[in-house]
2 protein chains.
Amino acid sequence: MTSTPLLEHPFDAFNAHCPSRRLLDAIGDKWTSLVVVALGVHGSLRYTELFKRIDGVSQKMLTQTLRNLERDGLVTRTVTPTVPVGTDYALTPLGDSLLGLLRLLKEWAEEHMGEVDDARAAHDARTGG
Amino acid sequence: MTSTPLLEHPFDAFNAHCPSRRLLDAIGDKWTSLVVVALGVHGSLRYTELFKRIDGVSQKMLTQTLRNLERDGLVTRTVTPTVPVGTDYALTPLGDSLLGLLRLLKEWAEEHMGEVDDARAAHDARTGG
DNA sequence: CGGGATCCCCCGCGATACTG
DNA sequence: CAGTATCGCGGGGGATCCCG
């Protein structure tokens, strides 16, 4: 009772075996952020629409990413039993709570790309030249 | 001039060949966020200190992560030529501009771990049981 | 259309040993 | 102390085929 503040949650991603480490990994996954941001922009998307928008993803990885997101409660999967089948994906409130962060992350990467390129050029000039 | 807003930067991570895609990948890297957040918390850290704080990382991956961050201009590497050698790592202003986001991401993972666990349990009960 | 199943290759990554 | 070099494997992930 000497040093346990009540408001502190018990998770710490610095600890290898903390579940939040796995969650952090999942978020950082190559395709996760793009899928979430895409769904955030368009509200709800068909499988094929996602596939077209996220350039370079394979069907396997898109499906796998969506399954993980669904399992973690970040996206919903709604199947419309028409012929042929239609499937819509959308963010849950939980997924929506993450959207802002991932969108900022994507925007940060795009905004600071120039500075990073400069740093790389300077570093490569120092090292390789 | 019909559809080229001046304020829009030319990068788009949805495009597979856009450099910002690679940057986004780098940020999402398994160890990057933890390294940046650790440096943000402590200001400046020795290699060994980082190694101890980031549980589960191997020497190889820590070094590799630090080299990439240095190359991208996000961290500085300062060698003190004592015997034995001492090396300090710290965030650059650019790295510092990313720190807030990554810290929020880590905190999001820790705060919402419970909800994600619930979603997983519910999903697994539906699927597996 | 929206996937699941399978095959297979590549390389990310850990473990270990060595160096300035 | 702060790395580099090398080896070896496990699985991530693409390609392909098939199915409801």
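To find a chain, count down the sequence lines: A is the first, B the second, and so on, and within it residues start at 1. Remember, predicted model here, so these are calculated numbers, not experimental data.
Within residues 43-63 of chain B, the residues approaching DNA chain D are B:R46, B:Y47, B:T48, B:Q59, B:T63, by heavy-atom distance under 4.0 Å. Interface residues of residues 12-27 of chain A facing DNA chain D, ordered by number: none; criterion, heavy-atom separation under 4.0 Å.
Remark: B:R77 is not in phosphate contact with D:dA2, judged by side-chain N or O atoms under 4.0 Å from OP1 or OP2.
A donor-acceptor pair is defined here as one N or O able to donate and one able to accept, closer than 3.5 Å; such a pair exists between the side chain of B:R21 and the backbone of A:D55. Of the possible polar contacts, one joining the B:D12 side chain to the B:F14 backbone as a donor-acceptor pair under 3.5 Å is found. A donor-acceptor pair under 3.5 Å is formed between the side chain of B:S58 and the backbone N or O of B:M61. Judged purely by atom type and a 3.5 angstrom limit, B:S97 uses its side chain to pair as donor or acceptor with the backbone of B:L94. The main-chain N or O of B:M113 is never found under 3.5 Å from a side-chain atom of A:S20 such that the two would form a donor-acceptor pair. With hydrogens and angles ignored, the 3.5 Å screen pairs a side-chain donor or acceptor of A:N15 with a backbone N or O of A:H17.
A:N68 places its CG atom 14 Å from the P atom of C:dG3, with the value rounded to the nearest Å. Rounding to whole angstrom units, CG of residue B:L66 and C1' of D:dA2 are separated by 11 Å. In this structure, the CD atom of A:E70 is 9 Å from the P atom of C:dG3, given to the nearest Å. In this structure, B:K30 atom NZ and C:dC13 atom P are separated by 8 Å, rounded to whole Å.
Residue A:V75 is not grouped with residue A:V85 when hydrophobic side chains (ILVMFWY) are merged at heavy-atom distances under 4.5 angstrom, including chains of intermediate members.
Applying the side-chain hydrogen bond (donor to acceptor under 3.5 Å, both in side chains) test to residues at least two apart or on different chains, the pairs with a partner in residues 81-91 of chain A are A:R46-A:D88, A:R67-A:Y89, A:R77-A:Y89.
The residue among A:P84 and A:Q64 whose nearest nucleotide of DNA chain D is located toward the 5' end is A:Q64.
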